[in-house]
Amino acid sequence: MRIILASASPRRRELLALITEEFTVCPVDADETLRPGAPLDAEVVRLSRLKAEAAQRLHPDAVCIGSDTMVTIDGLPLGKPADARQAADMLRRLRGRTHEVLTGLAVLPPDGTARTLCTRTRVTFRDFAEDELAAYLATGEPLDKAGAYGIQGRGALLVAGIEGDYYSVMGLPVAPLYEVLRGLGALRAG
């Protein structure tokens, strides 16, 4: 079975490569607008499924994988910041506190029977200083990341601890995805 990753994210590509080298990247457009009042864990699963479905329309004979990651604090989502000022505001809000990262996963085999899940990971930030914040913002890394940080990059310097799946925080729950793909018979033996 061919495997399609419905994402342009280099991080998701790198993580899927831990499972198999045999996949195709197919970036898709999906409306990522959150539904007002909808539970955030349900929303990341819904958005993941929208991405997988968009890829499956282009590749109906393949196993299509969609994923979506959301940083939340105080029950509110923190998306990608629009600019450095918004990134600084987000990081100050996370500073010295524990937040939750929700990652949705949708795997659609050719028969259309979706396998979906949501992982929850708690991330605690250190009480970093303003000069550390300024140095991190100067890297540009926060600008294209949900919650304004990348745990796999310089954002790791802000993290005091993590409870849950590190790879989910990066954007793809590796072990759960492996189990789903293995259960579908989508992986070569060996």
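When a residue number appears, it is its place in the shown sequence, counting from 1.
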Could you tell me the separation between the [atom1] atom of [X] and the [atom2] atom of [Y], rounded to the nearest 0.5 Å?
X	Y	atom1	atom2	answer
Leu187	Thr20	CG	OG1	6.0 Å
Met70	Glu100	CE	CD	11.0 Å
Thr24	Leu58	OG1	CG	12.0 Å
His59	Ile3	NE2	CD1	13.0 Å
Thr124	Leu158	OG1	CG	12.5 Å
Lys51	Asp31	NZ	CG	11.5 Å

Legend entry - Trace of the side chain to side chain donor-acceptor pair (under 3.5 Å) decision for Arg122 with His99: CA-CA 6 Å; Arg122 294 171 49 84; His99 61 277; over 6 Å; no
Inset, instruction - Could you go through the side chain to side chain contact (heavy atoms under 4.5 Å, CB included) check for Leu172 and Glu14 one step at a time? - result: CA-CA 10 Å; Leu172 195 68; Glu14 173 188 328; over 6 Å; no
Inset, instruction - List the steps, then state whether salt bridge (charged side-chain N to carboxylate O under 4.0 Å, His left out) holds for Glu53 with Arg57. - result: CA-CA 6 Å; Glu53 288 170 343; Arg57 283 191 289 277; 5.0 Å; no
Where do [X] and [Y] come nearest, in terms of heavy atoms and distance?
X	Y	value
Ala87	Leu143	CB-CD2, 4.3 Å
Thr69	Ala146	O-CB, 4.1 Å
Ala114	Arg49	CB-NH1, 3.4 Å
Asp41	Cys118	CB-SG, 3.8 Å
Ile65	Ala52	C-CB, 4.2 Å

Inset, instruction - Could you verify whether a donor N or O on one side chain and an acceptor N or O on the other, from Ser168 and Thr103, lie under 3.5 Å apart? - result: no
Inset, instruction - Go through the side-chain N and O atoms of Tyr149 and Glu141 and say whether any donor and acceptor fall under 3.5 Å apart. - result: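 Result is no, nothing qualifies.
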Legend entry - Passing option when Ile151 is tested against Val101, Thr121, Ile162 for side-chain contact (heavy atoms from CB on, under 4.5 Å):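 The side-chain contact (heavy atoms from CB on, under 4.5 Å) with Ile151 is passed solely by Ile162 among Val101, Thr121, Ile162.
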Inset, instruction - With sequence neighbours excluded, tell me which residues meet salt bridge (charged side-chain N to carboxylate O under 4.0 Å, His left out) with Arg12. - result: none
Inset, instruction - Give a yes or no on whether the backbone of Ala82 and the side-chain of Gln86 come within a donor-acceptor separation of less than 3.5 Å. - result: yes
Legend entry - N/O donor-acceptor pair under 3.5 Å between Thr72 side chain and Leu40 backbone: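 Answer holds: no.
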Does one hydrophobic cluster hold both [X] and [Y], with members joined at side-chain heavy-atom distances below 4.5 Å?
X	Y	value
Leu181	Leu108	no
Met1	Phe23	yes
Ile4	Val174	no
Leu157	Phe128	no
Leu102	Val169	no

Legend entry - side-chain hydrogen bond (donor to acceptor under 3.5 Å, both in side chains) involving Lys145 - partner list, sequence neighbours excluded: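 side-chain hydrogen bond (donor to acceptor under 3.5 Å, both in side chains) list for Lys145, sorted by chain: empty.
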Legend entry - Test side-chain hydrogen bond (donor to acceptor under 3.5 Å, both in side chains) applied to Arg85 - qualifying residues, sequence neighbours left out: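 Residues passing side-chain hydrogen bond (donor to acceptor under 3.5 Å, both in side chains) with Arg85: none at all.
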Inset, instruction - Let me see the working for Leu34 and Leu47 under side chain to side chain contact (heavy atoms under 4.5 Å, CB included), right down to the final yes or no. - result: CA-CA 9 Å; Leu34 298 177; Leu47 295 174; 3.9 Å; yes
Decide if atom [atom1] of [X] counts as having more than 12 heavy atoms of other residues, nucleotides or ligands within a radius under 6.0 Å.
X	atom1	result
Asp131	CG	yes
Tyr166	OH	yes
Arg13	CZ	yes

Inset, instruction - Could you tell me whether Arg2 and Glu22 make a salt bridge, using a distance below 4.0 angstrom between a side-chain N and a carboxylate O? - result: no
Inset, instruction - Would you mind checking if Asp68 and Arg46 are paired as a salt bridge, meaning a charged N to carboxylate O distance below 4.0 Å? - result: no
Legend entry - Val123 vs Thr98, side chain to side chain contact (heavy atoms under 4.5 Å, CB included): CA-CA, chis, key distance, verdict: CA-CA 5 Å; Val123 179; Thr98 299; over 6 Å; no
Legend entry - Derivation of the side chain to side chain contact (heavy atoms under 4.5 Å, CB included) call for Val107 and Cys64: CA-CA 6 Å; Val107 180; Cys64 296; over 6 Å; no
Inset, instruction - Kindly confirm or rule out a cation-pi arrangement of Arg95 over Phe125, judged by NZ or CZ under 6.0 Å from the six-membered ring centre and within 45° of its axis? - result: no
Legend entry - Residues Asp74, Arg93; criterion salt bridge (charged side-chain N to carboxylate O under 4.0 Å, His left out); working and verdict: CA-CA 10 Å; Asp74 302 324; Arg93 187 171 189 175; 3.4 Å; yes
